[in-house]
Amino acid sequence: MRTHGVIGAGVQVQGEVRTAGPDLQTVLLDIARRRDRLAEHVRGAQPRSIETLQQLLEDLHHDQPRMLAHVRRVAAAAVAIARALPLPELACQHVYRAALVHDIGKLAFPPTLIDKDGQFTSEELAVIRTHTIAGAAILINVPYLQASAAVVASTHERWAGGGFPRGVFNDAIPMPSRIIAVADAFDALTGHDGEPDAEIRDAANAELVRYAGSHFDPAVVRAWLRVPEAEIVAC
């Protein structure tokens, strides 16, 4: 089972925690430049519907097909959770839209970091934890996606606190962010090498239940467990 970037500390870390040095600052500056270019591209594209957003995402992920497949699966699961809660249909569409762009900040990161398997150094972890803020910065000035910015920024907050970037908890975390957190974790736990079998799905769900009340909103986890597999349609 894949646990890359999900439960526990969020990602596995190796080595001692080290103070951020010049190398980290150089990487962060490079990410900031990439982020600003992405923000200009997204503003210029001016998506105004799910269809135009899908087209934009295909363009942005042309060299990251695995990430595109991931965000589509997360969006399908997230909207299924939203309807199981249930939320009003307009709110469900908001969840769906935000889920599609929840990892857009990672497109500003060097591929060598995004595609890395295994453990991360403390410096790499510090960089990875900026991706939600980078994503929000890309979205904030795009009218169709502006409401998604705050959602994206909070997708790695934890129900009981201790998440990032702000460490807020419970109802201070937007409901769409709480929903996306569960959908994202399930997808990371089940991997992306074809349709997960029942054993893998059950093990992933057991992990979500285990962390309900600490990492995840228990009501969102319960809603996810009520979703029939047939209702999760890839988008």
Side-chain angles (χ1 to χ4, degrees), residues 1-20 24 28 31 70-71 74-75 77-79 81-82 84-85 87 91 94-95 98-99 101-106 109 113 119-140 146-190 203-227:
M1 180 189 300
R2 287 178 60 85
T3 57
H4 176 68
V6 204
I7 307 294
V11 289
Q12 296 178 320
V13 186
Q14 67 181 7
E16 298 180 356
V17 175
R18 298 189 293 271
T19 304
L24 176 58
L28 290 173
I31 289 172
H70 165 71
V71 299
V74 169
V79 76
I81 294 171
L85 278 168
L87 297 184
H94 174 45
V95 168
V101 294
H102 81 277
D103 268 349
I104 197 168
K106 289 183 179 179
F109 284 38
L113 183 59
Q119 293 185 325
F120 291 82
T121 67
S122 55
E123 285 88 351
E124 289 170 335
L125 176 59
V127 172
I128 288 168
R129 285 184 167 177
T130 68
H131 82 270
T132 57
I133 295 300
I138 291 167
L139 302 172
I140 193 64
Q146 195 168 52
S148 298
V151 174
V152 168
S154 299
T155 51
H156 284 277
E157 300 289 0
R158 294 178 180 175
W159 179 246
F164 61 89
R166 295 185 297 149
V168 296
F169 57 92
N170 290 13
D171 291 340
I173 306 169
M175 174 58 83
S177 304
R178 290 180 251 160
I179 292 171
I180 293 168
V182 170
D184 188 32
F186 179 82
D187 193 70
L189 286 164
T190 53
N205 285 334
E207 283 291 281
L208 296 180
V209 171
R210 178 185 175 193
Y211 286 95
S214 57
H215 287 52
F216 308 118
D217 180 345
V220 174
V221 173
R222 289 194 297 269
W224 166 246
L225 296 177
R226 294 195 299 269
V227 175

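Heads up: numbering here begins at 1 and tracks the sequence.
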Exercise. Would you please test L28 and T130 for side chain to side chain contact (heavy atoms under 4.5 Å, CB included) and show each step?
Key: CA-CA 9 Å; L28 290 173; T130 68; 4.2 Å; yes

- Are I133 and F164 side-chain neighbours, meaning at least one heavy-atom pair lies under 4.5 Å? no

Heavy atoms of F216 and A181 approach each other most closely as CE2-O, 3.7 Å

W224 meets the side-chain hydrogen bond (donor to acceptor under 3.5 Å, both in side chains) criterion, sequence neighbours left out, with N205

Quick note, side-chain hydrogen bond (donor to acceptor under 3.5 Å, both in side chains) partners involving residues 164-175, not counting sequence neighbours, are none

With sequence neighbours left out, the residues meeting side chain to side chain contact (heavy atoms under 4.5 Å, CB included) with I31 are V27, A108, F109, P110, V127

(message) Check for me whether the distance between the ring centres of H102 and H70 falls short of 6.0 Å.
(response) yes

Closest heavy-atom pair, A99 versus A78, reported as atoms and distance to 0.1 Å, is CB-CB, 4.0 Å

(request) May I ask you to test the V220-M175 pair for a side-chain heavy-atom distance under 4.5 Å? (result) yes

Would a distance-only check, ignoring hydrogens and angles, find a side-chain to backbone donor-acceptor pair under 3.5 Å from T121 to E124? yes

NE2 (H156) and CD1 (I173) are apart, to the nearest 0.5 Å, by 12.0 Å

For G161 and F169, the nearest pair of non-hydrogen atoms, with its separation, is N-CB, 3.3 Å

Which of S177, P174, P165 passes side-chain contact (heavy atoms from CB on, under 4.5 Å) with E157? Answer is P165

Nearest heavy-atom contact between V221 and A212 is CG2-CB, 3.9 Å

Sequence neighbours excluded, the answer for side chain to side chain contact (heavy atoms under 4.5 Å, CB included) partners of A223 is I81, A84, L85, R226

Flag, side chain of T190 to backbone of D187, donor-acceptor distance under 3.5 Å: yes

Report yes if the side chains of H94 and L87 come closer than 4.5 Å at any heavy-atom pair, otherwise no. no

W159 and P218 have their tightest heavy-atom pair at NE1-CD, 3.5 Å

Sequence neighbours excluded, the answer for side chain to side chain contact (heavy atoms under 4.5 Å, CB included) partners of A160 is none

Closest non-hydrogen contact found for I140 with A149 is CD1-CB, 3.8 Å

When rounded to the nearest 0.5 Å, the distance separating CG of D184 from CD1 of I179 is 13.5 Å

Hits for side chain to side chain contact (heavy atoms under 4.5 Å, CB included) against V152, two or more places apart or cross-chain, chain-then-number order -> V101, L139

Distance col, row H131:NE2 vs I138:CD1, nearest 0.5 angstrom, shows 11.0 Å

